[in-house]
Amino acid sequence: MKIRTLSCGDELHYYKKSLVLYFRGKRRVISTGLNHGGCRDDLQAVFNNDGNPGPGMEFRLRAPTYREHLDVIAGQDLGLDPESCTGFCTAASMENVSIQTMEQAYFTVTAIVTGGIEGNGARIGDSASYSEEPNRDTVESDTVNPGTINIILHIDADFPRGTLAKAMVSCAEAKVAALQELLAASRYSRGLATGSGTDGIIVVCNPESEHTLTDAGHHSLLGESIGKTVKAAVKEALYRQTGLSPRRQHDIIRRMDRFGVTSDTLWELYRSDIEQSHHQLSGEQKSDQYPEKLSVSGGQSDEQETGDIPRYEFENRLDQLKTNEMLVTCTSLYAHLLDQIDWGLLSPAEAWKAAEGVLEMAELKRAEGDGSEKMVPENLEQRRTESTETEQNGIGSTETESEESAREVIACMVRCYMKRLTARIVGQGE
């Protein structure tokens, strides 16, 4: 099925779970694809294939290597000459593609994007999932989750090779900007995602065009057009595939799950506190006034009898809170404080001082005996100064005392947030 004819006559078709862009003339292509990737002038088509076999089914290569698998897809399924095309595979549905076009007076930019990021989002520099060892043809990893953003960027103008490479850089920056604006989370660290480990980009330009462009960077109209087109397409593709959107992100759990704050961890913390409280009570002499609070097990789950709330009620109360406007706003500020500790832009002492104010504003107030005053290490500013001196005297170290301190403080601040949020959840029904 033909989906669209582009300004220079190139045609985008959908068949065999694939999007195929056929060239109707000579095109210059730069591609991250393993099959005939790099910069080429001799290709006739590019493609994006949905390799998802179906729910619950395992993806399997149809050849010994992924590169050969792409050749099989091209030749056997798509009817292309495997030597004259490049492409990539994804688990995203081609039916969820976003196609965005921006026309200028002397060129046209079209972004064709499929994407999913919520299962495989990663921040560049996150710990590796595998290592390509010498003399090995294939690399396998059980730790890589599904999720890929694939971009075919078509520009109806002529470029030198260097400008084509620069257009790919601008395209990648636009993808990162889209993810930052959605606060998409890494699933391999507590950072914000900059992409996935399997993303692909193909950029196509038209050497037959009458117009030659030499700058695809930020300051050029071409760079601006690439940025706006790719950002819009990435955002729409992610929404169409998984529902990721600003509205969906307006949720305290989605803002904090990269730090380990989930409904499960909140429930576990609540149960741990309840069990500890009952354990302490059971070690004391029973009083006639509160006999029912000395036993949680044995079938007593009614809140009025035990002081506990069941899981379903805990979830209901969390659902009522998690999109609260003030709580989402303050939680966003809190998460950004944690990020700035990670990035070294705020000292732990500075961040904790501000965090106290944010928690108060969010009405996540310190409760007597909640232990939050003991959660943050002492002498934070002194430790910050000492670690800074260590960094200055030990250039090249990848694991500094400041990083260790930052991790410790972030863990304490996250636990403090969880303790106070749990207290608010429990008090929500009172």
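Keep in mind that this is a model prediction, so the values were computed, not measured.
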A.B. asks: Is it true that R240 and E95 make a salt bridge, defined as a side-chain N closer than 4.0 Å to a carboxylate O?
C.D. replies: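 Judged by the 4.0 Å cut-off on N to carboxylate O distance, R240 and E95 do not form a salt bridge.
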
A.B. asks: Could you check if a side-chain atom of N206 sits within less than 4.5 angstrom of a side-chain atom of D158, using non-hydrogen atoms only?
C.D. replies: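 With C-beta onward as the side chain, the pair stays apart.
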
A.B. asks: Between R62 and D77, does at least one N-O distance fall below 4.0 Å, as a salt bridge requires?
C.D. replies: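 Answer for the salt bridge query: yes.
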
A.B. asks: Taking 4.0 angstrom as the limit, do R67 and D71 come out as a salt bridge?
C.D. replies: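 Yes, this pair counts.
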
A.B. asks: Can you tell if the side chain of V328 reaches within under 4.5 Å of the side chain of K322, non-hydrogen atoms only?
C.D. replies: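 No, side chains not in contact.
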
A.B. asks: Does a side-chain N-to-carboxylate-O contact under 4.0 Å join D308 and R271?
C.D. replies: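 Salt bridge flag = yes for R271 with D308.
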
A.B. asks: Salt bridge or not between E268 and R311? Use side-chain N to carboxylate O under 4.0 Å.
C.D. replies: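 A salt bridge is absent here (no side-chain N lies under 4.0 Å from a carboxylate O).
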
A.B. asks: Going through the distances and angles, do L21 and L6 end up as a side chain to side chain contact (heavy atoms under 4.5 Å, CB included)?
C.D. replies: CA-CA 10 Å; L21 182 61; L6 304 188; 3.9 Å; yes

A.B. asks: Under 4.0 Å between a Lys/Arg side-chain N and an Asp/Glu carboxylate O for D42 and K26?
C.D. replies: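 Judged by the 4.0 Å cut-off on N to carboxylate O distance, D42 and K26 do not form a salt bridge.
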
A.B. asks: Considering only NZ, NE, NH1 and NH2 on the basic side and carboxylate oxygens on the acidic side, decide whether D342 and R123 come within less than 4.0 Å.
C.D. replies: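 So D342 does not pair with R123 through a salt bridge.
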
A.B. asks: Does D257 pair with R187 as a salt bridge, N-O distance under 4.0 Å?
C.D. replies: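 Salt bridge: yes.
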
A.B. asks: Does F107 have its ring centroid less than 6.0 Å away from the ring centroid of H211?
C.D. replies: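 No, the ring of F107 stays outside the 6.0 Å limit from the ring of H211, centre to centre.
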
A.B. asks: Any idea which heavy atoms bring S220 and D215 closest together, and the distance?
C.D. replies: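 Smallest heavy-atom distance, with atoms named: OG-O, 2.9 Å.
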
A.B. asks: Would you mind reporting whether R248 and R254 have side-chain heavy atoms less than 4.5 Å apart?
C.D. replies: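 They are in contact (side-chain heavy atoms under 4.5 Å apart), so the answer is yes.
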
A.B. asks: Whether R24 and E11 form a salt bridge (side-chain N of Lys/Arg under 4.0 Å from carboxylate O of Asp/Glu) is what I want to check.
C.D. replies: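 Salt bridge flag = yes for R24 with E11.
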
A.B. asks: Would I252 and Y417 satisfy side chain to side chain contact (heavy atoms under 4.5 Å, CB included), going step by step from the backbone distance to the final call?
C.D. replies: CA-CA 11 Å; I252 60 172; Y417 175 87; 3.7 Å; yes

A.B. asks: Is D199 salt-bridged to K175, cutoff N-O under 4.0 Å?
C.D. replies: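 Yes, charged N to carboxylate O under 4.0 Å.
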
A.B. asks: Got a sec: does the NZ of K17 have more than 12 other heavy atoms crowding it under 6.0 Å?
C.D. replies: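 Atom NZ in K17 is crowded, with more than 12 foreign heavy atoms closer than 6.0 Å.
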
A.B. asks: Crowded around E103 CD? As in, over 12 foreign heavy atoms under 6.0 Å?
C.D. replies: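 Not more than 12 within 6.0 Å, no.
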
A.B. asks: Indicate the ring-plane relationship of Y15 and Y22, choosing parallel, tilted or perpendicular according to the 30° and 60° boundaries.
C.D. replies: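 Parallel.
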
A.B. asks: On the 0 to 90° scale, with breaks at 30° and 60°, tag the H69-Y66 ring pair as parallel, tilted or perpendicular.
C.D. replies: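 Because their plane-to-plane angle is under 30°, the rings of H69 and Y66 count as parallel.
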
